[in-house]
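Worksheet: the structure to be examined is printed underneath.
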Amino acid sequence: MASPGDRIRVKTLTDEIEGILMPSYDQKSILIKLPNGYNVGYEEKEVLSVTLLEPKKTAAEKPLREITFRPGLKTIVILHTGGTIASKVDYKSGAVTAKFTAEDLLGMFPELGEIANIETELVSNMMSEDMLFSNYQNIAESIVHHAKKDIAGIIIGHGTDTLGFTAAALAFIFEKINIPILLVGSQRSSDRGSTDAAMNLICAAEFITKTDFAGVAVCMHHSASDDICAILPATKTRKMHTSRRDAFKAINTEPIAVVDYEKRKINFISKDYSRRGEDKVIISKDKFSEKVGLLKVHPNQDPKLFRFFADNYDAFVLEATGLGHAPTNLGKNLENYETIREFVKKGGIVAITSQCLYGAVHPSVYTNLRRLSEIGCIFCEDMLPETAFIKLAWLLGNYPKEKVEKLMAANLRGEIGERRELNKFCE
Ligand code: ASP
């Protein structure tokens, strides 16, 4: 009977392969790590035989590369929060470790050590779908701590699923920060031959050490090939594909810059990005209100949902359809209209964004939209629904209500495009 970490040969009707048996999360299948780093899974019923070739090695791991400080290089701090980029499979034991140190990282991606001196801190070790506002606060605290030192910038290793939310949260928290903070994720775990982690991290490190950019941004693959990374704006970036390495796109705008991985060349696309100044400015407001919701509208929606939001929150974002429509005009949907009207009258805030993502909501193109605007709903122009949710929670955490309404409609961190770029669509 083989156990995780053992080297085995598996025969199926169609294949005969050798590799390391991995822990499987499903009892009816087996998972094998191939020598090239890929995993293959078979259902138990497909397997004809399993032969143990070599039991799990318990010998000590090969010593990790010693880190020596190189005075000629700048310093980058890598904050780990978890996610696929922080996941590593121990080929010998089969166990998954997510707790990287600077040594681990340099062991896996030695090129990083040629670009900068690397320090790391483990802030959390979680998949990003479980993030809470308190996690944003912990990340912000670490940023403030490290930004006081003489460093070139910070890379935040993060799960990809909610990386856009965290990027927006940090952009709002830091009104002014004098170093680059780049969020980096990966679609394939860092130990796989096919991982995108190495290129994303290396491009982020190149960008940090070679440019005068300051502020929060995202660094991920720009195209599906391993050639170019994009530096994307914190409040207008979204994961647009479940698995492609170029899943992250700037919506309704352009990337800030692109980094050519081979040539190590950086081209700025945006000219009005924020730059590093002389002083160490860090201005942060890091509170978030828990009483903010995000509601996606759809046909045949139960009016109880609108009611729930109105009864339980101080404010909510509607992810509306098209130009900002919500089911509020006919039959049982009139109840939703009344719910919103009363809620706003009593001091609640309703912010309207679009499920279309591309383009902007508009309060006056249709009568139905005017009805929502007349009762006080705030139309958020081309702001992403997720960014609107984070912004509203952040505003309510830090400002009095009258100010929140005004600020929600204003552009604070690039979340509302100054010009409508209609040609920027699904690139
Ligand atoms: N669900 C994971 C997360 O967001 C996926 C990833 O890490 O990319 O943490």
Side-chain angles (χ1 to χ4, degrees), residues 22-26 31 33 37-39 41 78-90 95-101 104-105 108-109 112 120-140 142 154-171 181-204 216-224 226 229-232 234-251 294 357 384-387 389-390:
M22 305 286 292
S24 171
Y25 301 103
D26 160 11
L31 193 62
K33 167 96 35 203
Y38 281 94
N39 291 341
I78 301 185
L79 303 180
H80 292 291
T81 66
T84 300
I85 191 165
S87 305
K88 172 187 172 192
V89 179
D90 180 333
V96 178
T97 4
K99 196 172 152 66
F100 289 145
T101 61
D104 290 331
L105 274 177
M108 280 187 291
F109 312 124
L112 275 176
T120 66
E121 185 194 332
L122 185 87
V123 179
S124 63
N125 183 6
M126 65 196 300
M127 291 295 171
S128 73
E129 57 270 25
D130 287 319
M131 287 257 167
L132 304 175
F133 292 152
S134 55
N135 295 107
Y136 303 156
Q137 288 161 333
N138 291 342
I139 298 171
S142 286
I154 295 177
I155 292 174
I156 302 170
H158 199 287
T160 55
D161 287 4
T162 69
L163 189 146
F165 287 78
T166 305
L170 294 175
I181 313 280
L182 294 189
L183 286 113
V184 175
S186 74
Q187 296 278 67
R188 312 266 182 284
S189 66
S190 290
D191 61 326
R192 292 178 64 157
S194 61
T195 187
D196 46 334
M199 185 174 135
N200 294 342
L201 286 167
I202 287 165
C203 286
V216 183
V218 172
C219 178
M220 293 291 289
H221 267 57
H222 186 50
S223 73
D226 288 328
C229 273
I231 306 296
L232 300 158
T235 54
K236 293 196 93 61
T237 292
R238 202 169 187 281
K239 182 173 178 177
M240 299 298 283
H241 199 281
T242 54
S243 48
R244 280 174 67 117
R245 43 187 66 214
D246 58 344
F248 281 79
K249 299 290 173 210
I251 308 294
L294 171 58
L357 308 175
L384 286 169
E386 298 87 347
T387 297
F389 165 70
I390 292 291

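Because the structure is predicted, anything quoted here is derived from the model rather than measured. Each ligand, and each atom within it, is numbered from 1 in the order the structure gives. No hydrogens, no waters, no symmetry mates; every other heavy atom, side chains included, goes into these values.
- Atoms of ligand 1 found under 4.0 Å from any heavy atom of G83, numbered from 1 in the order shown, are 7 (O), 9 (O).
- Geometrically, ligand 1 and D161 share a nitrogen or oxygen pair separated by less than 3.5 Å.
- Of the possible donor and acceptor atoms, none in the side chain of N200 sits under 3.5 Å from a partner among the backbone N and O of A197.
- Taking 4.0 Å as the cut-off, S186 counts as a neighbour of ligand 1 on heavy-atom distance.
- Listed by atom number, the atoms of ligand 1 under 4.0 Å from M127 heavy atoms are 2 (C), 3 (C), 9 (O).
- Of the polar atoms of E129, at least one N or O is found under 3.5 Å from an N or O of ligand 1, judged by distance alone.
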Would you please test T160 and T84 for side chain to side chain contact (heavy atoms under 4.5 Å, CB included) and show each step?
CA-CA 8 Å; T160 55; T84 300; 5.6 Å; no
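- Nearest protein neighbour of atom 6 (C) of ligand 1, counting heavy atoms only, is T84 OG1, 3.0 Å.
- For the side chain to side chain donor-acceptor pair (under 3.5 Å) test, no residue two or more places apart in sequence or in another chain qualifies with D196.
- When side chains are defined from C-beta on, C219 does not count as touching L201, because their heavy atoms never get closer than 4.5 Å.
- Scanning all protein heavy atoms for the shortest distance to atom 8 (O) of ligand 1 gives T160 OG1, 2.5 Å.
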For Q187 and T242, run side chain to side chain contact (heavy atoms under 4.5 Å, CB included): C-alpha distance rounded to whole Å, both residues' side-chain angles, the deciding distance at 0.1 Å, then the answer.
CA-CA 9 Å; Q187 296 278 67; T242 54; over 6 Å; no
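- The protein non-hydrogen atom at the shortest distance from atom 9 (O) of ligand 1 is S128 N, 2.6 Å.
- A168 and T387 get closest at one heavy-atom pair: CB-OG1, 4.1 Å.
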